[in-house]
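Reviewing the structure listed below.
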Amino acid sequence: VTHKVIVDNLFGSSAMQPAGVGTLLKSIESMLAKSAHGNWSVSQLRTALDETDISAEHKDVWVDVWRSQREKVHAHVADSASWTDTVKRLAWRVDVVTSSKLSSSAQPITEPTAIMELRTGKRVDADASGVLVFEMNRAQLSGMLDEVKRIETVIARCGGSRGDDDV
């Protein structure tokens with residue numbers, strides 16, 4: 001959507017001068033960027049809008065749109081800000097070897113192993129850019145899960161609380 005399309009469709013019958021439309025659109029773009037980046041609550045957005053000269057009707061529409069689209073907008077901003085690959089898909093299966101020609105004992109081998117496949121790629125790209133396949137025994141899987149729990153604890157500690165007053 002171009003600037004001209006927005007102006008023609010939204011402000012075509014408006015008495016607002018083109019310079020005023022440009023200024024309004026720039027302020028809206030700036031406010032949207034700040035609110036999306038900060039993941040503002042509805043009340044935070046309303047407080048910020050109250051400090052502008054936007055009409056009450058426009059404020060109400062903006063707040064209604066923000067209430068319904070906030071999470072999508074913030075997720076898009078967060079995803080597009082990532083420069084590193086992310087896990088696109090995780091697949092796994094458990095294999096159990098029941099016997100082996102290499103085993104010198106008469107006892108069958110029954111140790112299960114997890115076969116893991118991670119597909120990675122950029123957050124905003126549709127296609128995965130890499131595949132990593134590896135095998136883990138019970139002890140290795142347990143160690144990895146312990147590390148994931150430690151990571152989860154650190155993220156929860158650093159995450160803080162979010163003001164969810166969007167009712």
Tell me if a side-chain donor or acceptor on [X] pairs with a main-chain N or O of [Y] at a distance below 3.5 Å.
X: Gln140; Y: Asn137; result: yes
X: Ser30; Y: Lys26; result: no
X: Trp66; Y: Trp40; result: yes
X: Ser142; Y: Arg138; result: no

Test of understanding: clusters of I, L, V, M, F, W, Y form through side-chain heavy atoms closer than 4.5 Å, transitively. Do [X] and [Y] belong to the same one?
X: Leu118; Y: Trp92; answer: yes
X: Val154; Y: Leu145; answer: no
X: Val77; Y: Val65; answer: no

Looking only at non-hydrogen atoms, find the nearest pair between [X] and [Y] and report the distance.
X: Glu135; Y: Thr113; result: OE2-OG1, 3.1 Å
X: Met116; Y: Leu90; result: CE-CD1, 3.8 Å
X: Arg67; Y: Val42; result: NH2-CG1, 3.5 Å

When rounded to the nearest 0.5 angstrom, what distance separates [atom1] in [X] from [atom2] in [Y]?
X: Arg70; Y: Ser41; atom1: CZ; atom2: OG; value: 6.5 Å
X: Trp62; Y: Leu32; atom1: CH2; atom2: CG; value: 6.0 Å
X: Asp146; Y: Ile151; atom1: CG; atom2: CD1; value: 11.0 Å
X: Arg46; Y: Asp50; atom1: CZ; atom2: CG; value: 6.5 Å
X: Met136; Y: Ile115; atom1: CE; atom2: CD1; value: 11.0 Å
X: Met31; Y: Leu45; atom1: CE; atom2: CG; value: 7.0 Å

Task: Worked check of side chain to side chain contact (heavy atoms under 4.5 Å, CB included) between Val61 and Glu57 - done: CA-CA 6 Å; Val61 169; Glu57 293 83 16; 5.7 Å; no
- [ ] May I ask you to say whether Arg89 pairs ionically with Glu117, meaning some side-chain N is under 4.0 Å from a carboxylate O?
- [x] yes
Open item on the list: Under a 4.0 Å threshold between the charged nitrogen and the carboxylate oxygen, would Arg150 count as salt-bridged to Glu147?
Closed with: yes
